[in-house]
Novice: 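Here it is: the structure, laid out below.
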Amino acid sequence: MKLTGRTIFEGKAEGLALVSPSPMSFYGGVNPDTGEIVEIGNELRGQSVKDRILVFPHGKGSTVGSYVMYRLAKNGVAPRAIINAKCETIVAVGAIISEIPCVDMIDINRIRPGAKVSVDGATVQF
Amino acid sequence: MFLTREEEGMLAGQEGRATQKAMQILVALGKIYDAEKLVKVSSVQVSGVSYKNLGDAGLEFLNELAEDGKARVKSTLNPAGMSLTDWKAQGIQSGFAEKQLQVIDAYRRLGLEISCTCTPYLAGNEPSFGQHIAWGESSAVAYANSVIGARTNREGGPSALAASLTGKTPLYGLHLKENRVPTHIVDVDASLGSSEDFAAMGYFTGKVVKDGIPYFRGVKKANLEELKALSAALASSGGIAMFHIAGLTPESDQMVGKTESVTFTLTDLRETGALLNDEGTPDFVSIGCPHCSLTELATVARLLKGKKVKREFWVCCSREVKRQSDEAGYSKAIEASGAKFATDTCMVVAPVEELGYRVVATNSAKACHYLRNAGLRVKFMPMEECVAEATRTH
């Protein structure tokens, strides 16, 4: 299937989908050194975002979250791309400064967890 | 979104990598929030200064930008995690201090004023009515929009910095008149006699109104210090970036749109105060969140005259207001008591929990909110009681 959304940060990536049904907070929610999701109550707790195509509705929490994304990238444990239903400031800024391809306005319910997904600019294929 | 030829050039990297990165941030935000274009800003206040919040990643990002980025408009800085000169006396570890000074150095190379205050409007960054600005620091955002009538969204660290490096911000949200109208009416049925009362009202309202725009009715007068405390409290229990007070704030004659109604009573005032009081005896007392004005320092000096403090007591203010206080003779009286000035920093952004303190007494509802999140216990009390607490023998 091929879906077209809106480019937040241009780029190409391919990987397996890690799908969070809940909004994500990177600050306090993801370990910046390992990429492990640590947020209490998040369905994906214990899994790592490293090298995945990370899919979630939208970001939440502190604006420091943008810097956590940057740290993930510097530590080599960032997701390969981010797909949002509706991107907000924290994730958009984080994706840009970390140079993680990011696309939003995608119906994320259609993406099956674990599916092989490719992102190219505004296009998502799986 | 429409971009001018100059802005297109910045986005294409013609003015260097930092400017390009900054423009990418602004364009992405403009897209997300359906901005029609970018607008010039007259000043910027950058948050994200304390190494406690930035960490090594933030520091690295700033260093990267500082390679070829430069502020294009007046840009001031939020408080750091320590006094830039007296950090040893504050008990700060040298490892932390070294990193914090590197952060400051990166900002200096970026051309920002090392003002290190959350009250830029008391330290030379004074926008005027109707001006577009891009400010971080939630309490200053609420103050600038509401009390001054300047226009800013609640910027995060990188987006404020992006505005500084380009001189622009996307035109959306509170930059547009139609988004500055009230969402809630708050009828104030209590007489407010101090900054702490205004802080309690703000803390109560933030919880109810969340990220809306409250319109207070029934407040007869308010001074700068009270409005500062109200701004900070509204923005900490809620995400409020703007408020109106009927007859007092410059845009309070705005048409009231579709609004919900709330009442703030004397009971709410008392209950909010009680809510911010934990068990325990304070081992740390601090005032100046947001940073003290000169008037507040005059009061502290008067209250401390002839007394000795018995526990750690921080008086937080900007270097600029401290200088004014030195000239007025207040600083001498304050320091003679053993109280410490905490310039460039405050009890919220300094690593107070790592300094070994457990229970903090303060007159700031905002500080209570954030210190609790950091695992400390808090006591919310008026400034007079803070001074009494600091000077009392337990």
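Because only heavy atoms are used, hydrogens play no part in the values below, and waters and symmetry mates are left out as well, while side chains stay in. What you see is a predicted model; the values in this text were computed from it and never measured. By convention in this document, chain letters (A, B, ...) are assigned in the order of the sequence lines, proteins followed by strands, and residues within each chain are numbered from 1.
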Novice: Tell me which of these, B:Ala162, B:Gly156, B:Pro158, has more heavy-atom pairs under 4.5 Å with chain A than the rest.
Specialist: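 Option with the top pair count is B:Pro158.
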Novice: Nearest 0.5 Å, what's the CG-CD1 distance between B:Leu29 and A:Ile8?
Specialist: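 Nearest 0.5 Å value for the CG-CD1 distance: 8.5 Å.
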Novice: Do you know which two heavy atoms are closest between A:Cys87 and B:Ile32, and how far apart they sit?
Specialist: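 The answer is O-CG2, 3.3 Å.
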Novice: Could you please state which residues from residues 105-126 of chain A sit under 4.5 angstrom from chain B, measuring non-hydrogen atom to non-hydrogen atom, sorted by number, or 'none'?
Specialist: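 Residues in range: none.
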Novice: For chain B against chain A, give me the donor-acceptor pairs closer than 3.5 Å, one per line with atom names and distance.
Specialist:
{"from": "A:Arg6", "atom 1": "NH1", "to": "B:Lys31", "atom 2": "O", "distance (Å)": "3.0"}
{"from": "A:Thr7", "atom 1": "O", "to": "B:Lys31", "atom 2": "NZ", "distance (Å)": "2.4"}
{"from": "A:Tyr70", "atom 1": "OH", "to": "B:Glu64", "atom 2": "OE1", "distance (Å)": "2.5"}
{"from": "A:Lys86", "atom 1": "NZ", "to": "B:Ile32", "atom 2": "O", "distance (Å)": "3.2"}
{"from": "A:Thr89", "atom 1": "N", "to": "B:Tyr33", "atom 2": "OH", "distance (Å)": "3.4"}
{"from": "A:Thr89", "atom 1": "OG1", "to": "B:Tyr33", "atom 2": "OH", "distance (Å)": "2.9"}
{"from": "A:Ile96", "atom 1": "O", "to": "B:Lys21", "atom 2": "NZ", "distance (Å)": "2.9"}
{"from": "A:Glu99", "atom 1": "OE2", "to": "B:Lys21", "atom 2": "NZ", "distance (Å)": "2.6"}

